[in-house]
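Sequential numbering from 1 along the given sequence is applied to the chain's residues.
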Amino acid sequence: MTTTTDFKKVAEQAQEELADATAAEALAWTAKTFGDDFIVASNMQDAVLIDLAVKAKPDSLETIDVLFLETGYHFAETIGTRDAVELTYPAVRIVNAEAGQPVADQEAEFGLLNKTDPAQCCFLRKVVPLRNTLAKYHAWVTGVRRVDAPTRADTPIVQWDDRNGLVKINPIAAWTDDEFNGYIAANGILENPLVSEGYLSIGCAPCTAKPLPGQDARSGRWAGLAKTECGLHG
Ligand code: SF4
């Protein structure tokens, strides 16, 4: 039987061995190591990571699970992008992770938590659903990049995710904005229409603004508040 300690060792060894791996190499390693026991997270800003994962999918794997945190507060464009991904990539199985309470019930009980206590709102609508979904897998793949924000500057390609107790793979951690945008252009990758309107980091509608000129992409998230992360990655 493989234990958590074993998976932690796998992560620690891969952190060294795959420190300079390409995205394709990291994803091939993921499929080889975990079979169908991993999930690819997407905020549906674009389908770069999904496209890479589908291209790295071995024939032995029928589908790739893609995790979408369905908070109930998304832009219509984000939901549309999720649906377009499902139509574009038949090998993708969307896993919608939802909070225990529908938005209407949460607002009836607590009011607008995204205004009064966004940390609690993110905890209920993102952190807990993520944790519950990840508990069914031994690895997850994220689109975190070092250039996203100073808090992400040291992101390795593979790491042990202590908070959620599984292996975390960040295949495009080292990608620059030029590499990222070049991949979208060269491969005709689906993008959330809000990107072309200037939203560079898309989260829930009430908590997402366009970043100010010269500021990092995530500066438009919870603008005006000290909060910079949902509690998913940092
Ligand atoms: Fe709530 Fe905003 Fe967090 Fe979404 S990003 S879960 S609306 S606080």
Side-chain angles (χ1 to χ4, degrees), residues 1-70 81-98 126-146 152 155-175 180 183 187 189-190 230 232-234:
M1 197 177 85
T2 315
T3 64
T4 297
T5 313
D6 295 330
F7 283 112
K8 199 171 176 181
K9 276 194 200 135
V10 166
E12 284 164 359
Q13 196 177 337
Q15 183 160 345
E16 271 183 40
E17 290 176 3
L18 298 178
D20 300 315
T22 64
E25 286 166 349
L27 284 159
W29 174 84
T30 304
K32 189 170 165 229
T33 308
F34 298 99
D36 61 0
D37 189 13
F38 72 93
I39 189 163
V40 178
S42 177
N43 66 351
M44 298 301 165
Q45 176 156 323
D46 57 73
V48 169
L49 188 63
I50 293 165
D51 188 79
L52 286 162
V54 168
K55 284 176 179 158
K57 181 183 90 55
D59 291 342
S60 55
L61 209 57
E62 215 167 292
T63 51
I64 301 268
D65 285 359
V66 170
L67 166 64
F68 177 63
L69 290 175
E70 177 36 309
T81 305
R82 176 200 62 187
D83 296 346
V85 161
E86 202 167 24
L87 286 173
T88 308
Y89 296 98
V92 161
R93 186 178 82 97
I94 301 283
V95 177
N96 289 294
E98 296 178 6
K126 290 184 170 181
V127 176
V128 173
L130 176 75
R131 186 187 298 157
N132 291 343
T133 304
L134 293 185
K136 300 173 188 148
Y137 301 84
H138 283 107
W140 68 308
V141 179
T142 86
V144 169
R145 289 190 297 135
R146 294 169 193 154
R152 298 181 173 189
T155 304
I157 305 288
V158 182
Q159 66 189 131
W160 175 250
D161 176 351
D162 211 28
R163 180 183 308 213
N164 294 299
L166 78 173
V167 182
K168 185 175 181 184
I169 300 103
N170 311 298
I172 57 172
W175 282 25
F180 187 82
Y183 188 86
N187 296 281
I189 301 296
L190 260 172
C230 319
L232 306 183
H233 301 296

With side chain to side chain contact (heavy atoms under 4.5 Å, CB included) as the criterion, how do Asp36 and Asp65 come out once you've worked through the C-alpha distance, each side chain's angles and the decisive distance to 0.1 Å? CA-CA 8 Å; Asp36 61 0; Asp65 285 359; over 6 Å; no
For atom CD of Glu12, is the number of surrounding heavy atoms from other residues, nucleotides or ligands below 6.0 Å larger than 12? yes
Taking atom NZ of Lys32 as the centre, does the number of heavy atoms from other residues, nucleotides or ligands within less than 6.0 Å exceed 12? no
For residues [X] and [Y], report the shortest heavy-atom separation together with the two atoms involved.
X: Ala47; Y: Val85; answer: CB-CG2, 4.1 Å
X: Gln15; Y: Gln159; answer: OE1-CA, 3.7 Å
X: Ala26; Y: Ala21; answer: N-CB, 4.3 Å
X: Leu49; Y: Thr142; answer: CD2-C, 3.3 Å
X: Ala56; Y: Ala28; answer: CB-N, 4.2 Å
X: His138; Y: Asp37; answer: ND1-OD2, 2.6 Å

Run through Val95, Val54, Val92 and flag the one making a side chain to side chain contact (heavy atoms under 4.5 Å, CB included) with Val66. Val92
Test Thr133 against every option in Leu69, Ile39, Asn164, Val128 by the side chain to side chain contact (heavy atoms under 4.5 Å, CB included) rule and name the one that passes. Ile39
Distance (rounded to the nearest 0.5 Å) between [X] [atom1] and [Y] [atom2]:
X: Lys168; Y: Arg163; atom1: NZ; atom2: CZ; value: 8.0 Å
X: Ile94; Y: Ile64; atom1: CD1; atom2: CD1; value: 11.5 Å
X: Leu27; Y: Leu52; atom1: CG; atom2: CG; value: 6.0 Å
X: Leu18; Y: Ile169; atom1: CG; atom2: CD1; value: 9.5 Å
X: Asn170; Y: Arg145; atom1: CG; atom2: CZ; value: 12.0 Å
X: Arg93; Y: Leu67; atom1: CZ; atom2: CG; value: 11.0 Å

Assign the ring pair Phe7 / Phe34 to parallel, tilted or perpendicular, where the plane angle (0 to 90°) is split at 30° and 60°. parallel
Which class fits the ring pair Phe180 and Trp175: parallel under 30°, tilted 30 to 60°, perpendicular over 60°? perpendicular
Determine yes or no for a side-chain-to-main-chain donor-acceptor pair under 3.5 angstrom, with Asn187 supplying the side chain and Ile189 the backbone. no
Donor-acceptor pair, side chain of Asp51 and main chain of Val48, under 3.5 angstrom: no
From CA spacing to verdict: side chain to side chain contact (heavy atoms under 4.5 Å, CB included), Leu87, Asp83: CA-CA 6 Å; Leu87 286 173; Asp83 296 346; 5.7 Å; no
In the structure I gave you, are the side-chain heavy atoms of Val167 and Trp160 within less than 4.5 Å of one another anywhere? yes
Do Met44 and Ile50 pass the side chain to side chain contact (heavy atoms under 4.5 Å, CB included) test, and can you show the C-alpha distance, the side-chain angles, and the key distance before you say yes or no? CA-CA 10 Å; Met44 298 301 165; Ile50 293 165; 4.1 Å; yes
Walk me through it: do Asn96 and Arg82 pass the test side chain to side chain donor-acceptor pair (under 3.5 Å)? CA-CA 10 Å; Asn96 289 294; Arg82 176 200 62 187; 3.0 Å; yes
